[in-house]
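Here is the structure we will look at, set down as structure tokens.
In this chain, residues are counted from 1 in sequence order.
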Amino acid sequence: MTTLEITDSNKPLGAVALVEGSITIGRLRTNAVVLENPGVSRQHFRIDTDPSGSLHVLEDLGSLNGTYVNGHRVGACLLEDSDEIQIGQFLLKLVTD
């Protein structure tokens, strides 16, 4: 199973399992992961997971401040184990066990 470990300025906030389908991350309460901070867009990015649960594609949803994976601003990319997603003060790490 693959999870996103979420931290805020090095303080753990929790983890979210990535299963088949899509999740959105952003400021709005309708997102699967809500990150309350002015540096985070209402719907900041989406992660799509294939039916096998092994492929995860991140897509920035037109966020103003951008989405960074391993220090590089991305529009879309395939995520791999240990990738770090940075949005504002939040760090989300992809962990596959």
Side-chain angles (χ1 to χ4, degrees):
M1 174 179 283
T2 302
T3 58
L4 274 180
E5 295 178 348
I6 305 165
T7 59
D8 175 359
S9 303
N10 295 323
K11 181 177 84 175
L13 296 179
V16 175
L18 296 180
V19 295
E20 178 183 357
S22 297
I23 66 165
T24 55
I25 291 91
R27 250 186 11 249
L28 289 178
R29 296 259 176 234
T30 55
N31 291 297
V33 176
V34 177
L35 301 175
E36 294 184 26
N37 184 277
V40 177
S41 294
R42 290 176 290 185
Q43 282 196 315
H44 203 99
F45 68 89
R46 179 179 68 231
I47 297 178
D48 297 311
T49 300
D50 76 329
S52 72
S54 60
L55 292 175
H56 311 283
V57 177
L58 178 147
E59 181 180 358
D60 183 270
L61 298 174
S63 66
L64 183 62
N65 295 320
T67 301
Y68 294 80
V69 176
N70 300 325
H72 301 281
R73 189 172 182 156
V74 298
C77 71
L78 182 63
L79 295 172
E80 298 179 4
D81 186 37
S82 299
D83 279 349
E84 295 184 338
I85 305 161
Q86 182 84 40
I87 55 173
Q89 66 196 45
F90 299 98
L91 182 69
L92 298 87
K93 184 174 181 179
L94 192 81
V95 178
T96 303
D97 49 12

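- His56 pairs in a side chain to side chain donor-acceptor pair (under 3.5 Å) with only one of the listed residues (Thr49, Asp50, Asp83), which is Thr49.
- A side-chain donor-acceptor contact under 3.5 Å links His44 to the backbone of Ser41.
- In the hydrophobic cluster analysis, where Ile, Leu, Val, Met, Phe, Trp and Tyr join through side-chain heavy atoms closer than 4.5 angstrom, Leu55 is grouped apart from Leu79.
- One distance of note links OG of Ser63 with CD of Gln43; it measures 11.5 Å at 0.5 Å rounding.
- Hydrophobic clustering (ILVMFWY, side-chain heavy atoms < 4.5 Å, transitive): Leu13 and Leu18 are in one cluster.
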### Message
The test is side chain to side chain contact (heavy atoms under 4.5 Å, CB included); show your working for Asn65 and Ile87 and say whether it passes.
### Response
CA-CA 8 Å; Asn65 295 320; Ile87 55 173; over 6 Å; no
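- We find that Glu59 and Arg46 are joined by a salt bridge, their nearest charged nitrogen and carboxylate oxygen being less than 4.0 Å apart.
- Here CG of Leu64 is found 11.0 Å from CZ of Arg42. Values are rounded to the nearest 0.5 Å.
- Proximity of Phe45 to Val74: side-chain heavy atoms (C-beta onward) are nowhere separated by under 4.5 Å.
- Rounding to the nearest 0.5 Å places CG of Leu28 at 11.5 Å from CG of Leu35.
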### Test side chain to side chain contact (heavy atoms under 4.5 Å, CB included) applied to Glu84 and Glu5, step by step
CA-CA 9 Å; Glu84 295 184 338; Glu5 295 178 348; over 6 Å; no
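- Note: Thr67 OG1 to Leu61 CG = 7.5 Å, rounded to the nearest 0.5 Å.
- Formation of a donor-acceptor pair under 3.5 Å by the Asp8 side chain with backbone atoms of Phe90 is not found in this model.
- In the hydrophobic clustering of ILVMFWY residues, with side-chain heavy atoms under 4.5 Å counting as a link, Ile23 and Leu58 come out together.
- Linking Ile, Leu, Val, Met, Phe, Trp and Tyr whenever their side-chain heavy atoms come within less than 4.5 Å leaves Leu91 and Val69 in two separate clusters.
- Taking 4.5 Å as the limit, some side-chain heavy atom of Asp97 sits within range of a side-chain heavy atom of Met1.
- Under a cut-off of 6.0 angstrom, the local environment of CZ in Arg73 is crowded, with over 12 non-hydrogen atoms contributed by other residues, nucleotides or ligands.
- Distance check, rounded to the nearest 0.5 Å: CG of Leu94 to CG of Leu92 gives 10.0 Å.
- If you take CD1 on Ile25 and CD1 on Ile47, they are separated by 4.5 Å, rounding to the nearest 0.5 Å.
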